[in-house]
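Both counts, for ligands and for their atoms, begin at 1 and track the order of listing.
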Amino acid sequence: MVVKVCTNIEEVGKSAAAMFNAQVIKNPLSVLGLATGSSALPVYEEMINAHKLGLTDYAGITTFNLDEYCGLEPTHAQSYRYFMNENLFKQINIDTANTFFPDGTAKDFVQESARYEQSVSDRMGIDLQLLGLGHNGHIAFNEPCDAFPNATHCVQLTESTIQANARFFDSADDVPKAALTMGIGTIMRARAIVMVVFGEAKAEAVAAMVNGAITPKCPASILQLHPEVTIIADESAAKLLK
Ligand code: GLP
């Protein structure tokens with residue numbers, strides 16, 4: 001696990017985007033794993049800048065997003081599909097037919113989870129995966145629990161995650177109570193992982209992830225076992241690190 005501490009959010013974004021830009025340049029047929037949330041935004045901004053400068057070509061790139069809320073149509077302004085269209089896909093030359101999400105409107109979530117997991121495998125897995133970090137140590141929507149979930153599955157969101165994500169909705173009551181998410185196994189099978197994290201409110205989660213015990217009570221702690229993980233944090237998120 002490599003931990004890189006940056007002076008501010010912009011530097012976190014630049015540093016993570018440099019890794020994604022390099023991946024796209026190195027292999028124009030890369031499979032990228034993408035994340036939603038405010039932490040991902042500075043990364044996407046810098047990826048868009050590099051694309052506008054003519055450095056990156058997304059024509060052959062495939063993407064898989066980590067998760068999607070259950071019950072939200074792709075056109076819903078708070079769906080993760082909508083977030084990605086607005087904040088990245090519309091601003092680069094990616095073919096949206098090559099951008100994948102679990103279908104939160106599927107009738108059968110078990111079947112849909114299996115289908116999503118299979119489509120990641122069919123494309124030989126993820127080359128580079130972007131992650132954010134939940135305040136409770138969650139990655140994607142893998143909430144603290146008793147055992148690490150392997151594959152894509154349906155999860156009930158914890159009250160703390162609902163409250164944390166309520167800022168994007170009119171009220172906490174509007175936040176969906178469930179989501180489809182890649183499993184910890186899906187994430188760990190990515191060949192390389194970059195996590196971006198900023199702000200003091202996540203300092204405890206960062207310390208537990210990096211210095212704490214490997215436990216499903218802090219899902220991100222599993223990343224200690226991955227051979228190619230880079231955590232890019234600003235100084236306040238990194239302040240409790242040993
Ligand atoms: C949601 C997403 C996660 C993301 C987390 C942190 O719960 N499912 O993938 O990492 O939010 O979001 P933010 O970066 O907005 O704090």
**OP:** Using a strict 4.0 Å threshold on nitrogen-to-oxygen distance, state whether K14 and E10 make a salt bridge.
**Re:** no

Subject >> Residues forming a side-chain hydrogen bond (donor to acceptor under 3.5 Å, both in side chains) with N85, sequence neighbours excluded >> reply: R81

Original post:
What pairs with K217 under salt bridge (Lys or Arg N to Asp or Glu O under 4.0 Å), at least two apart in sequence or on another chain?
Top reply: D146

Pair up each side-chain donor or acceptor in residues 192-202 with any protein partner under 3.5 Å, not counting sequence neighbours, and list the distances.
{"from": "E200", "atom 1": "OE2", "to": "K239", "atom 2": "NZ", "distance (Å)": "2.5"}
{"from": "K202", "atom 1": "NZ", "to": "L133", "atom 2": "O", "distance (Å)": "2.8"}

Subject >> Polar contact flag, side-chain donor to acceptor under 3.5 angstrom, S79-E73 >> reply: no

Original post:
Quick one: are the ring centres of F20 and Y44 less than 6.0 Å apart?
Top reply: no

Could you pull out every N or O of ligand 1 that sits under 3.5 Å from a protein N or O, with the distance for each pair?
{"from": "ligand 1", "atom 1": "7 (O)", "to": "H138", "atom 2": "NE2", "distance (Å)": "2.9"}
{"from": "ligand 1", "atom 1": "7 (O)", "to": "N165", "atom 2": "ND2", "distance (Å)": "3.4"}
{"from": "ligand 1", "atom 1": "8 (N)", "to": "D67", "atom 2": "OD2", "distance (Å)": "2.8"}
{"from": "ligand 1", "atom 1": "8 (N)", "to": "A140", "atom 2": "O", "distance (Å)": "3.3"}
{"from": "ligand 1", "atom 1": "14 (O)", "to": "S38", "atom 2": "N", "distance (Å)": "3.4"}
{"from": "ligand 1", "atom 1": "14 (O)", "to": "S39", "atom 2": "N", "distance (Å)": "2.9"}
{"from": "ligand 1", "atom 1": "14 (O)", "to": "S39", "atom 2": "OG", "distance (Å)": "2.4"}
{"from": "ligand 1", "atom 1": "15 (O)", "to": "S38", "atom 2": "N", "distance (Å)": "2.7"}
{"from": "ligand 1", "atom 1": "15 (O)", "to": "S38", "atom 2": "OG", "distance (Å)": "2.7"}
{"from": "ligand 1", "atom 1": "15 (O)", "to": "R167", "atom 2": "NH2", "distance (Å)": "2.7"}
{"from": "ligand 1", "atom 1": "16 (O)", "to": "K202", "atom 2": "NZ", "distance (Å)": "2.5"}

